[in-house]
Asker: 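Before we start, here is the structure in question, set down as structure tokens.
Just the heavy atoms: all of them, side chains too, but no hydrogens, waters or symmetry mates, feed the values below. To find a chain, count down the sequence lines: A is the first, B the second, and so on, and within it residues start at 1.
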Amino acid sequence: MLIYSNNFNLKHIADSGQCFRMNPVEDAKYSLIAYDKYIELTQVKDNCIELSCSEEDYNQIWKHYFDLDFNYEQIVTGLSEGQDDFLKNAAKFGNGLRILKQDIYETLISFIISQRKNIPAIKNCIEILCVKYGKRKISRECGGKEYYTFPSPESLANASAQDLKITGLGYRDRYILKTSQSVLKGDIDLKALRQLSFEETLKQLQTLSGVGIKVANCVALYGLHHIEAFPIDVWIARILKDIYNDQFNLEPYNGFAGIVQQYMFYYIRNKK
DNA sequence: AGCCAGGTCTTCG
DNA sequence: CGAAGACATGGC
């Protein structure tokens, strides 16, 4: 089916570092695995995307996943026409970036893995984890394509420390194990986080093993859609220091700082 | 080859 | 308290 939107760019989203299982398959075409589903998406035109899914899956999953009920136009135009030169360029450069609504547990585990790894390494590591601990499935829509779902909390909580060693997790293996056990035991109720305030959510997430302020903000932003979150990693920290001399004022972007952050991150990582 | 990666945890002063 | 050091592995 075809979707029309002025702010929906597959390449930018795939390279945005917020999701790790969206990859190019051929020119302008991407595969994506999320919520136990496999989908292929093609950028037909700047403002037109073709999805391989049924209308039912679109309405139940993908419309929500890509945050397509939200209009990014005003915010992105606001940035690209504002007075901040860096954000102007970032907004123009990354136009079509959106903040995805990903599964909370997958986001949590993915961003625990992300610490001190580059993005290709994160992707590889997650893929190994999925093949080893996820479910093998076949996509009907996409020519019998084989894929693996993201592991459940049970499967990772019950993984042996020995087996985890060979997944390339490094020292993060114990974080994954402990956090998955916390989720499984109910020490934390990931779904219930949706009822909490942003600040309280960050606090609860940080009780988990391997989750500090940065990962907590990423989970809040990409898994719970707190678009006021502003994760500061090494790249954003460099921007704040080098471009803004540590004087960046978030206040004008109150309530959607996460979108600003995403455009900053994409721009600094991908501009020549 | 050697540095660095979407940080966190522990230890030290 | 805040600052420094340790941490596993792989990509480039």
Asker: By nearest heavy atom, map A/Gln262 and A/Ser209 onto DNA chain B; which one lands nearer the 5' end?
Answerer: A/Gln262
Asker: I want to check a possible cation-pi pair here: A/Lys271 against A/Tyr267, using under 6.0 Å from ring centre and within 45° of the ring axis as the test.
Answerer: yes
Asker: For residues A/Tyr244 and A/Asp84, is any side-chain donor paired with an opposing acceptor at under 3.5 Å?
Answerer: yes
Asker: Toward the 5' end of DNA chain B, which comes first, A/Arg174 or A/Gln261, by nearest nucleotide?
Answerer: A/Gln261
Asker: Verify whether the ring centers belonging to A/Phe230 and A/Tyr253 lie closer than 6.0 Å.
Answerer: no
Asker: Is the ring of A/Phe111 stacked on the base of B/dG6, with centres less than 5.5 Å apart and planes under 30° off?
Answerer: no
Asker: Taking the nucleotide of DNA chain C with the nearest heavy atom to each, does A/Arg172 or A/Asn118 sit closer to the 5' end?
Answerer: A/Arg172
Asker: Is A/Asn124 touching bases, backbone alone, or none of the nucleic acid, heavy atoms closer than 4.0 Å?
Answerer: sugar-phosphate
Asker: Taking OP1 and OP2 of B/dA5, is either one under 4.0 Å from a side-chain nitrogen or oxygen of A/Arg238?
Answerer: yes
Asker: Rounded to whole Å, please give me the gap between CD1 in A/Ile113 and C1' in B/dT8.
Answerer: 15 Å
Asker: Any sub-3.5 Å donor-acceptor pair from A/Gln18's side-chain atoms to A/Leu100's backbone N or O?
Answerer: yes
Asker: Does the ring center of A/Phe93 lie less than 6.0 Å from the ring center of A/Phe86?
Answerer: no
Asker: Considering every strand and a 4.0 Å limit on heavy-atom distances, what is the contact class for A/Gly210: base, sugar-phosphate, or nothing?
Answerer: sugar-phosphate
Asker: Could you tell me the separation between the NZ atom of A/Lys117 and the C1' atom of B/dG7, rounded to a whole number of Å?
Answerer: 13 Å
Asker: So if I take every side-chain heavy atom of A/Pro231 and compare against B/dG7, B/dG6, C/dA8, which nucleotide ends up nearest?
Answerer: B/dG6
Asker: If you take atom types as modelled and just measure distance, does the side chain of A/Tyr175 reach the base of B/dG7 with a donor-acceptor pair under 3.5 Å?
Answerer: no
Asker: Does A/Ile213 reach a base, just sugar-phosphate, or nothing at all? Heavy atoms under 4.0 Å.
Answerer: sugar-phosphate
Asker: With P as the reference atom in both, quote the distance from B/dG6 to C/dA6 in angstrom, rounded to an integer.
Answerer: 23 Å
Asker: Categorize A/Ser16 for me: base, sugar-phosphate, or nothing, with a 4.0 angstrom heavy-atom threshold over every strand shown.
Answerer: base
Asker: Quote, to the nearest angstrom, the P distance that separates C/dG5 from B/dC4.
Answerer: 16 Å
Asker: For A/Ile166, answer base if it contacts any base atom (sugar-phosphate contacts may also be present), sugar-phosphate if it contacts only those atoms, and nothing otherwise; contact means non-hydrogen atoms under 4.0 Å.
Answerer: nothing
Asker: How would you label the contact of A/Tyr266 with the nucleic acid (heavy atoms, under 4.0 Å): base, sugar-phosphate, or nothing?
Answerer: nothing
Asker: So which one's nearest nucleotide on DNA chain C is more toward 5', A/Ala121 or A/Gln115?
Answerer: A/Gln115
